[in-house]
Amino acid sequence: MNFSLAELVPLLPEIFLLAMLSLILVVDTMLKDSQRTATYVFTLLTLAGCAWLTFSGHRTDPVHAFSGMFVDDTLADVLKLALYLAVAFMLVYSRSYLQARGLFKGEFYALTLFATLGMMVMISAGHFLTLYLGLELLSLSLYAMVALQRDSAVATEAAMKYFVLGAIASGMLLYGMSMVYGSTGSLMLSDVSVALQEGAGQKVPLVFGLVFIVAGLAFKLGAVPFHMWVPDVYHGAPTAVTLFISSAPKLAAFAFSIRLLVQGLEVLHTDWRDMLVLLAVLSMAVGNLAAIAQNNIKRMLAYSTISHMGFLLLGILAGSQNGYAASMFYSVIYALMSLGGFGIILLLARQGFESDELDDLKGLNQRSPWAAFLMLLLMFSMAGIPPTVGFYAKLSVLQAVVEAGLVWLAVVAVLFSLIGAFYYLRVVKLMYFDEPLQVAPIEAPGDMRLALSINGLAILALGILPGPLMGVCLIAVQSSL
Amino acid sequence: MTFDQFIFYFFSAILLFAGLRVITARNPVHAALYLVLAFFTAAGLWMTLEAEFLAITLVLVYVGAVMVLFLFVVMMLDINLDKLKEGFWDYLPLALPVAILLMLEMAVVLGGRFFGLDKYSAPVAKAADYSNTKELGRLLYTEYVYAFELAAVILLVAIVAAIALTMRKRKDTKYIDPAQQVAVKRADRVRLVKMPAEQGSGIRDQESGGSAK
């Protein structure tokens, strides 16, 4: 193999991130606690630098590096830009929360950047190995972040559950990958795809491997029946970490599914489609029904995540470019909505008070009409009520499902969305029509208020003008697959 | 039966027995030792595949380092076995069918029907001067260098996470600051006190009083 330095150019964002990350790790050890804001600013600047490198290094044709283990295509670039944005928003939202709980430490930022690197690797992986290593990089950072609040027994328990179940999921994924490797003789996604088209391997071991791959994938996405960890982890983790888990990794999970199922195993589409149908229907059913019974917002949003992941799978299982683009649009929008939803919880939390019960939202309109309005937009969007963007995201996914000839599935999805609208609207009712239980004024730094406003208004703006973002998703899918 | 086959079945039988004992042994130290045996026989099987480097790494890394560490942990922790075994019989009715089902599924797929010699020919034996280690090294540092670097980053995460999760500054611990120790001056530690000499029987009391200062 001949290697030239020019091969490293498509990896510049990753290399820059890793270099800055190492720098932050070293510099942070020399900072006093009062100077910790420097780490925070450095981390944001790193993300900005990565965004600039990704944006300026964009090329319309897919670029491969390291003999195809790394792929840089439009899909990867768009998802990476969305990823930087989601991580940056999360950092802005969580600063005051972390400061109030003694978690405002360099490790939090280092682990965040490690997780970001893992997601970037997943997004532009062209090989089973890099897919898996990126996933592990992300997961290990997340386990540690959940456990970061050491004196909290709930957080430790959540981290333990997350770790054990995540390890089982990784094992299943690897087992499935090994079966596919045994049948096709390659770990490179493009080679696997070619080998399958030429009829390599027998059906039974391939499908057997596929079952394990899909199960591992469903674990990571949090789709039913592999969803048990989601509510506990969302509930137990510090809200700032929950915010992180529920937003950016969904983008990476989408990329992971597309790379694995579409770029690698598209020949087996009819096989994995049926599995995804099952996962999607169960996720929407369990997610929406169980969310009704929750009193804790974090748990409620966890079940809401499960149902949204069901919707995300709908687009992928449709098996058309429109479907993939709709699914991609959905993942970006979901990350945005989830950021906003947990952002409001962080806004209401203060020292020694988590504000994660539904009752804590009561009468929010009287305490802060603007925060209540933003939450209203977010809840409407999650429920899929026009003119917010959640409606358009659901609509485009459903269109793709109908195009694929699965009308019954679209009907089921609409029915469960209707059921789901109940618990989203209950939040709105609590905010506007109930008397407040909490009277303490809401204190939040200006940058957080600004970011939250942008986030909420983006939901509305994108709902009125979804065209450009949808166009970008479509172009990304068309030029990459 | 050729000698190769005999070796294979011999090692496989020991491996299966050891694996079974790992999960059935009552004493965790015994279980860990059976795991050592399982690793060792697996390394023997890899030898027959001409994967010498991997076989020796398995023995050195897993048996030599990981399992020894593991044994230390097992011996240090006071594990209450009865508590661990609690609920075993409650879960058995569900776990047993699941395990049997998994085993049957694997038996269907992993037999000679799909992965037999007629489907995949046996690997050709390499020449005597073929270096396994060199080939692995070449692959790791050329074709797979990206994955190799990623694995290194994962190790870095492990270090950062382990330190973040376990290092704490206790307020009640007494520790020494070497910088302060080095920078200390005579005047900080020693105080010369001038005392008038006294006479008579009080000399003993005065001595003990002086040393207390």
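Letters A, B, ... mirror the listed sequences (proteins, then strands); counts begin at 1.
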Nearest heavy-atom neighbours spanning [X] and [Y]:
X: A/Arg150; Y: B/Met167; result: NH1-O, 3.0 Å
X: B/Val109; Y: A/Met179; result: CG1-CE, 3.3 Å
X: B/Glu143; Y: A/Met69; result: O-SD, 3.5 Å
X: B/Leu165; Y: A/Ala147; result: CD2-O, 3.6 Å

Point to revise | B/Phe8: ring pair (Phe, Tyr, Trp, His ring centres under 6.0 Å) partners, not counting sequence neighbours | key: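 B/Phe8 satisfies ring pair (Phe, Tyr, Trp, His ring centres under 6.0 Å) with no residue once adjacent residues are dropped.
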Quick check on [X]: does its [atom1] atom have over 12 non-hydrogen neighbours (other residues, nucleotides or ligands) under 6.0 Å away?
X: A/Met20; atom1: CE; result: yes
X: A/Phe16; atom1: CZ; result: yes
X: B/Tyr91; atom1: OH; result: no
X: B/Phe39; atom1: CZ; result: yes
X: B/Phe70; atom1: CZ; result: no
X: A/Phe212; atom1: CZ; result: yes
X: B/Leu77; atom1: CG; result: yes

**Study point:** Residues that A/Lys80 engages under salt bridge (charged side-chain N to carboxylate O under 4.0 Å, His left out), provided they are two or more places apart
**Key:**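 By the salt bridge (charged side-chain N to carboxylate O under 4.0 Å, His left out) rule, A/Lys80 matches A/Glu14.
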Point to revise | Per-residue contact mode, A/Ser183 against chain B (heavy atom under 4.5 angstrom) | key: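 Both backbone and side chain.
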Practice item. Name the region of A/Leu21, side chain, backbone, both or neither, that has any atom closer than 4.5 Å to a heavy atom of chain B. Key: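 A/Leu21 has no heavy atom closer than 4.5 Å to chain B.
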Practice item. Would you mind telling me which of A/Gly106, A/Ala144, A/Ser22, A/Gly182 has the largest number of heavy-atom pairs within less than 4.5 Å of chain B? Key: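 It is A/Gly182.
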Point to revise | Toward chain B: residues of residues 114-140 of chain A with heavy atoms under 4.5 Å | key: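 Contacts with chain B: A/Phe114, A/Leu117, A/Val121, A/His127, A/Leu129, A/Thr130, A/Leu133, A/Glu136, A/Leu137, A/Leu140.
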Check your understanding: Are side-chain heavy atoms of A/Glu7 and B/Tyr146 found at a separation under 4.5 Å?
Key ->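 A/Glu7 does not reach B/Tyr146 side chain to side chain.
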Review point. Is it the backbone or the side chain of B/Glu149 that comes under 4.5 Å from a heavy atom of chain A, or both, or neither?
Key: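 Interface part for B/Glu149: neither.
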Please report, to 0.1 Å, the donor-acceptor pairs under 3.5 Å made by any side chain of residues 51-65 of chain B, with sequence neighbours excluded.
{"residue": "B/Glu52", "atom": "OE1", "partner": "B/Asn132", "partner atom": "ND2", "Å": "3.2"}
{"residue": "B/Thr57", "atom": "OG1", "partner": "B/Phe53", "partner atom": "O", "Å": "2.5"}

